[in-house]
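Remarks on the structure that follows.
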Amino acid sequence: MPELPEVETIARSLRNPAGLPFDNSGSLQTRPGIVGRVVSSVELLWSRSLVTPTIEELGSALTGKPVTTVGRRGKFLVIAFEDYWMFIHLRMSGDLQVCPASTTFGKHDRLRIHLTDGFILLFSDPRKFGRVWLVRDPGEVLSGLGPEPLSDDFTPGWLHQELVHRRRQLKPLLLDQHFIAGLGNIYTDEALHRAKLHPLTISSSINAAQADLLWQAIRSTLQEGIRRNGASIDWVYRGGDFQNHFSVYGRQGETCPACGAEIQRILVGQRGTHFCPTCQKIRYNKPR
């Protein structure tokens with residue numbers, strides 16, 4: 001947490017001239033985006049947050065440079081400058097927002113990028129797991145990531161081919177960022193429920209029809225998550241609504257909205273996993 005929809009929501013807010021859509025209480029607000037704004041200085045308050053380069057090199061590279069674009073790749077926020085790319089992985093508790101320079105800063109601030117017109121791009125991270133990179137070559141950070149699940153490259157045929165070439169349980173495979181970029185615990189559980197596939201199903205046993213259902217489920221789940229500004233199930237992420245529409249995630253002991261059976265929780269690869277035992281039965285198709 002955050003996963004693809006939450007990161008996409010933050011990226012869109014930083015691109016949008018209206019800025020971040022919510023404050024901590026979920027109320028609408030207007031703060032400016034950062035595209036076109038120029039960096040005046042940089043403060044690093046937790047050295048381990050910055051993977052590369054050094055803080056001196058970071059300040060030298062960015063000072064006087066305008067932000068050209070803001071985007072996302074998998075779970076990475078991407079901020080582009082004239083000659084550099086900044087990648088920010090929020091991990092468990094990271095957050096990124098634009099604040100007025102007069103803001104009283106908190107104890108969890110890790111990186112502050114001061115902008116010339118009285119605003120600051122603030123990276124906060126209570127658990128200190130988030131990381132920041134500044135590089136000239138995006139491949140230094142992004143190489144090895146799987147396809148974007150909402151891109152044209154991610155097709156039912158590709159998914160089926162890649163599933164049958166592996167012999168792994170579905171849940172850990174879908175969480176593997178080298179396989180598909182952007183899925184996490186929440187959206188994987190929700191997508192598997194939509195596809196009516198058990199999280200322990202072996203990928204090589206998936207037939208073409210099941211792969212097509214899974215493809216549709218992944219995309220529709222992520223699209224709904226983005227439409228609802230992500231899920232707010234942790235105090236570190238603000239403003240999402242998707243948590244009010246979960247079918248299985250976090251609903252152990254409650255009833256499945258599709259069939260009324262009791263939702264169960266198991267550990268899969270040390271990750272809490274929620275599923276419906278009636279809708280998501282393991283079907284032992286012959287592995288390829």
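Counting from 1, the numbers follow the sequence of the chain as shown.
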So, for [X] and [Y], which heavy atoms are closest and what is the spacing to 0.1 Å?
X: Pro66; Y: Phe81; answer: O-CD2, 3.5 Å
X: Ile55; Y: Leu50; answer: N-CD2, 3.8 Å
X: Ser47; Y: Leu44; answer: CA-CD2, 3.8 Å
X: Val248; Y: His274; answer: O-CB, 3.2 Å
X: Thr9; Y: Gly230; answer: OG1-N, 4.0 Å
X: Gly182; Y: Glu3; answer: O-CB, 3.9 Å

[X] (side chain) donor-acceptor with [Y] (main chain) under 3.5 angstrom:
X: Arg131; Y: Lys128; answer: yes
X: Gln216; Y: Leu213; answer: no
X: Ser60; Y: Glu56; answer: no
X: Thr103; Y: Cys99; answer: no
X: Ser220; Y: Ala217; answer: yes
X: Thr68; Y: Glu82; answer: no
X: Gln177; Y: Leu145; answer: no

Between [Y] and [X], is there a side-chain heavy-atom distance shorter than 4.5 Å?
X: Ile218; Y: Leu183; answer: yes
X: Arg12; Y: Ile226; answer: yes
X: Lys171; Y: Asn185; answer: yes
X: Thr155; Y: Leu159; answer: no
X: Ser49; Y: Leu111; answer: no
X: Leu175; Y: Arg271; answer: yes
X: Val35; Y: Thr69; answer: no
X: Ile113; Y: Ile120; answer: no

We want to know whether [X] and [Y] form a side-chain donor-acceptor pair, criterion being a heavy-atom distance below 3.5 angstrom.
X: His193; Y: Asp189; answer: no
X: Glu57; Y: Thr54; answer: yes
X: Asp109; Y: Ser124; answer: no
X: Glu43; Y: His114; answer: yes

Stepwise side chain to side chain contact (heavy atoms under 4.5 Å, CB included) test for Val51 and Val132
CA-CA 6 Å; Val51 178; Val132 178; over 6 Å; no
Verdict with reasoning, Gln280 to Leu197, per side chain to side chain contact (heavy atoms under 4.5 Å, CB included)
CA-CA 5 Å; Gln280 296 170 261; Leu197 290 169; 5.7 Å; no
Could you tell me whether Lys281 atom NZ has more than 12 heavy atoms of other residues or ligands within 6.0 Å of it?
no
Residues, nucleotides or ligands: over 12 heavy atoms within 6.0 Å of Asp152 CG:
no
cation_pi(Arg112, Phe123) dist<6.0 Å, angle<=45:
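Ring-cation test returns no.
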Separation between [atom1] of [X] and [atom2] of [Y], rounded to the nearest 0.5 Å:
X: His108; Y: Arg127; atom1: NE2; atom2: CZ; value: 10.5 Å
X: Arg91; Y: Lys75; atom1: CZ; atom2: NZ; value: 10.0 Å
X: Ser232; Y: Asp241; atom1: OG; atom2: CG; value: 8.0 Å
X: Leu4; Y: Ile186; atom1: CG; atom2: CD1; value: 12.0 Å
X: Cys276; Y: Leu192; atom1: SG; atom2: CG; value: 12.5 Å
X: Leu200; Y: Gln169; atom1: CG; atom2: CD; value: 5.0 Å

Report the residue from Val67, Ile79, Val42 that forms a side-chain contact (heavy atoms from CB on, under 4.5 Å) with Leu121.
Ile79
Positive for side-chain contact (heavy atoms from CB on, under 4.5 Å) with Ser203, one of His160, Arg166, His165:
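The side-chain contact (heavy atoms from CB on, under 4.5 Å) with Ser203 is passed solely by Arg166 among His160, Arg166, His165.
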Derivation and outcome, side chain to side chain contact (heavy atoms under 4.5 Å, CB included), residues Leu90 and Asp125
CA-CA 8 Å; Leu90 302 174; Asp125 185 16; over 6 Å; no
Between Arg194 and Glu224, does any NZ, NE, NH1 or NH2 come within less than 4.0 Å of an OD or OE carboxylate oxygen?
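Salt bridge present between Glu224 and Arg194.
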Answer yes or no: is there an ion pair linking Glu190 with Arg219, defined by an N-O contact shorter than 4.0 Å?
no
Pair Glu148, Arg73 - check salt bridge (charged side-chain N to carboxylate O under 4.0 Å, His left out), show working.
CA-CA 7 Å; Glu148 286 287 318; Arg73 176 71 170 101; 2.9 Å; yes
Please set out all donor-acceptor pairs under 3.5 angstrom arising from side-chain atoms of residues 253-268, sequence neighbours excluded.
unit_1 : atom_1 : unit_2 : atom_2 : d
Glu254 : OE1    : Arg251 : NE     : 3.1
Glu254 : OE1    : Arg251 : NH2    : 3.2

Relative to the ring of Phe242, is the ring of Phe246 parallel (under 30°), tilted (30 to 60°) or perpendicular (over 60°)?
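Rings of Phe246 and Phe242: perpendicular, as their planes differ by over 60°.
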Residues in ring-ring contact (aromatic ring centres under 6.0 Å, His included) contact with His198, at least two apart in sequence or another chain
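His198: ring-ring contact (aromatic ring centres under 6.0 Å, His included) contacts with Phe275.
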Report whether [X] and [Y] are members of the same hydrophobic cluster (ILVMFWY, side-chain heavy atoms less than 4.5 Å apart, transitive linking).
X: Phe105; Y: Leu96; value: no
X: Val141; Y: Met86; value: no
X: Val78; Y: Tyr84; value: no

Among Arg227, Arg72, Arg228, the one residue meeting salt bridge (charged side-chain N to carboxylate O under 4.0 Å, His left out) with Glu8
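The option that passes is Arg72.
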Output field: ring centroids Phe179/Trp158 closer than 6.0 Å:
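Yes; Trp158 has its ring centre under 6.0 Å from that of Phe179.
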Tell me whether the centres of the aromatic rings in Tyr249 and Tyr187 are closer together than 6.0 Å.
no
Do any pairs count as a salt bridge (charged side-chain N to carboxylate O under 4.0 Å, His left out) and have a residue in residues 206-218, sequence neighbours left out, and if so which ones?
none
Which of Phe76, Trp85, Phe87 passes ring pair (Phe, Tyr, Trp, His ring centres under 6.0 Å) with Trp133? It is Phe76
Give the intermediate values and the outcome of side chain to side chain contact (heavy atoms under 4.5 Å, CB included) for residues Leu122 and Val98.
CA-CA 6 Å; Leu122 175 63; Val98 179; over 6 Å; no
